[in-house]
J.: 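Here it is: the structure, laid out below.
Keep in mind that what you see is a predicted model, and the values were worked out from it rather than measured.
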Amino acid sequence: MKAYDGMYIDGAWRPAAGPDVIEVVGPADEQVIATVPAGTVEDVDAAVRAARAALPAWAATPPAERAARLAALRDQLHARRDEIAATVTAELGAPEKLSRTVHAGVPVSIAGSYAELASTYSFEEKIGNSAVYHEPVGVVAAITPWNYPLHQIVAKAAPALAAGCTIVVKPAENTPLVARIFAECVHEAGVPAGVFNLVTGLGAVAGQALAEHPDVDLLSFTGSTAVGRRIGAIAAGMVKRVALELGGKSANVILPSADLARAVNVGVANVMSNSGQTCSAWTRMLVHRDRYDEAVELAAAAAAKYGDRIGPLVSARQRDRVRGYIEKGVAEGARLVAGGPEAPRPQGWYVSPTVLVDVTPDMTVAQEEIFGPVLCVLRYEDEDDALRIANGTVYGLAGAVWAGDEAEAAAFARRMETGQVDINGGRFNPLAPFGGYKQSGVGRELGVHGLTEYLQTKSLQF
């Protein structure tokens, strides 16, 4: 076990204001692997003051120079990808292959995309007799989740830095170690002191203090809808801008003309990735009544192949929560065809890959975000019924549509109340906007749309 000290504030690692620490526990063996400082209100204030002091110079830095710092950051992340992957595996429990390809690999691409955008985006434009300027919104407070601990930091910090903002990041207390590596990469990339700051701590203390700080101009939060509501309420009371990426209950709609075997297999893989701890996971599979039994057999067989291939959940609390949902689903009339609530291993916070069938739209498991390796399979009568079910939750983050013809799938997708839809297994695009409708959030991340979240607009009339 390693005891880490200090917060990254104003370009250096500084001792924490208080003596308390947070234990980081490995989900696979339930052993403490490290401790980090538990940030206080004083730590948060120091970080925000550093960000505020650094803002004028960084905002005035030419976009080409900001792009160069982001390119250097990308290179630092790439150089340390093996260490990053090992750290994510240790603190989150993600399998090594997933940690290398997704948790360590995707952030490199995201950082690189903003290095390019910072040098190509038009921060000035002419509209009639007006000169329009796109300026940094100011000091950003970023509160990030544990499920994709590095990706979510990069998806906020990279566009903020590209826009000319300064930032304070408070990572999730479950997975703070990779955030420290990121701070080291920022330092080595030559980002000026105070432009990026890191405070580890509990959400109820450091997160609350960051959200309520009067010198913060924008709150960017990724996490549960319940906490997002509180963040939004704080921001509204202080008239601050927010960017909220919240929960999801995404529908995977398999139309009758689809390649059923491929749609089901890819759908199951999507739900089991990262042990189901993905806000955009297609956790509701919608199948036409005439093909439902076949889909159930395929889904059960696909889930059974995962077995030991998925990692543990992040905490005992999360494991117990997911097990509780499985039990509730069965109690409300769903039928288990794979997995279940029983512990698959004597040690570690594991949940078996689970498939619940005969799920109806009104069941708890069809309405609430489970955030574990649990797939619900629902039947529909016709396309209108499928659309009603797909749109019948408070969420609208992501989804998928499968059909024999892309145009048919796209036409259905256009009617879905959700922010991002994959057509016949469309590939992840790091430049495409990501964010939700309804209670899945406010604003967008990634690409140019993610950059504009951190900009405000001024016009001069001549």
Side-chain angles (χ1 to χ4, degrees), residues 101-103 105-107 109-110 113-114 117 144-145 147-148 151-152 154-156 158-159 220-225 228 242-255 258 262-263 266-274 276-286 366-367 369-371 375-376 386-403 406-454:
T101 58
V102 175
H103 290 285
V106 171
S109 299
I110 301 300
S113 73
Y114 282 109
L117 268 172
T144 60
N147 59 327
Y148 290 91
H151 166 69
Q152 289 293 341
V154 175
K156 298 179 188 304
S220 181
F221 170 78
T222 297
S224 72
T225 296
V242 295
L244 304 174
E245 197 264 279
L246 307 176
K249 195 66 182 176
S250 301
N252 179 17
V253 182
I254 305 175
L255 297 177
R262 180 166 179 258
V266 173
V268 171
N270 175 278
V271 173
M272 301 307 162
S273 180
N274 211 43
Q277 299 170 130
T278 303
C279 53
S280 58
W282 313 332
T283 52
R284 295 181 297 147
M285 181 179 289
L286 279 55
Q367 290 292 320
E369 186 175 44
I370 299 173
F371 226 61
L375 171 66
C376 298
L387 186 69
R388 177 185 63 80
I389 296 170
N391 290 340
T393 75
V394 298
Y395 298 109
L397 187 57
V401 182
W402 301 80
E406 283 189 357
E408 179 190 3
F412 187 95
R414 289 294 303 273
R415 300 165 66 196
M416 294 173 69
E417 297 169 351
T418 192
Q420 191 172 85
V421 184
D422 293 349
I423 304 299
N424 286 346
R427 293 181 296 110
F428 171 70
N429 180 1
L431 299 179
F434 178 77
Y437 286 27
K438 301 188 285 188
Q439 293 188 30
S440 283
V442 177
R444 293 295 180 267
E445 292 185 329
L446 306 182
V448 67
H449 296 273
L451 176 63
T452 58
E453 291 292 332
Y454 298 91

J.: Any side-chain to backbone donor/acceptor pair from Glu369 onto Lys249? Under 3.5 Å, distance only.
T.: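 Such a contact is absent between Glu369 side chain and Lys249 backbone.
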J.: Who passes side chain to side chain donor-acceptor pair (under 3.5 Å) against Ser220, sequence neighbours left out?
T.: Lys156, Tyr454
J.: After noting the C-alpha distance and the side-chain angles of Val266 and Trp402, does the key distance pass the side-chain contact (heavy atoms from CB on, under 4.5 Å) rule?
T.: CA-CA 11 Å; Val266 173; Trp402 301 80; 3.8 Å; yes
J.: Does Ser440 use its side chain to pair, donor to acceptor, with the backbone of Gly247 at less than 3.5 Å?
T.: yes
J.: Within the 3.5 Å criterion, strictly below it, is a donor on Gln152 or Thr222 matched to an acceptor on the partner's side chain?
T.: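 Yes - a donor-acceptor pair under 3.5 Å links their side chains.
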J.: Quick one: list whatever passes side chain to side chain donor-acceptor pair (under 3.5 Å) with His103, sequence neighbours left out.
T.: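 Scan of His103 (side chain to side chain donor-acceptor pair (under 3.5 Å), adjacent residues dropped) gives Asn274.
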J.: Between Asn252 and Leu286, does a side-chain contact (heavy atoms from CB on, under 4.5 Å) hold up when you go through it step by step?
T.: CA-CA 6 Å; Asn252 179 17; Leu286 279 55; over 6 Å; no
J.: Can you tell me if Thr278 and Tyr148 form a side-chain donor-acceptor pair at under 3.5 Å?
T.: yes
J.: Does Ala403 offer a backbone N or O that forms a donor-acceptor pair with the side chain of Asn424 under 3.5 Å?
T.: yes
J.: When you measure from the side chain of Ser273 to the backbone N and O of Asn270, does any donor-acceptor pair fall under 3.5 Å?
T.: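 No, Ser273 side chain to Asn270 backbone: no donor-acceptor pair under 3.5 Å.
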J.: Tell me whether Asn391 contacts the main-chain N or O of Arg415 through its side chain, where contact means a donor paired with an acceptor under 3.5 Å.
T.: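 Side chain of Asn391 to backbone of Arg415, a donor-acceptor pair under 3.5 Å: yes, one is there.
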J.: If you round to the nearest 0.5 Å, how far is CG of Leu246 from OH of Tyr395?
T.: 8.5 Å
J.: Report the distance from atom CG of Leu255 to atom CZ of Phe412, rounding to the nearest 0.5 Å.
T.: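 One gets 6.0 Å once the value is rounded to the nearest 0.5 Å.
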J.: Could Lys438 and Glu417 be called an ion pair, given the rule that one side-chain N must be under 4.0 Å from one carboxylate O?
T.: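 The answer is yes: the pair qualifies as a salt bridge.
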J.: Between Thr418 and Leu397, is there a donor-acceptor pair closer than 3.5 Å when you use the side chain of the first and the backbone of the second?
T.: yes
J.: Strictly distance-based, threshold 3.5 Å: is any side-chain N or O of Arg444 a donor or acceptor partner for the main-chain N or O of Leu451?
T.: no
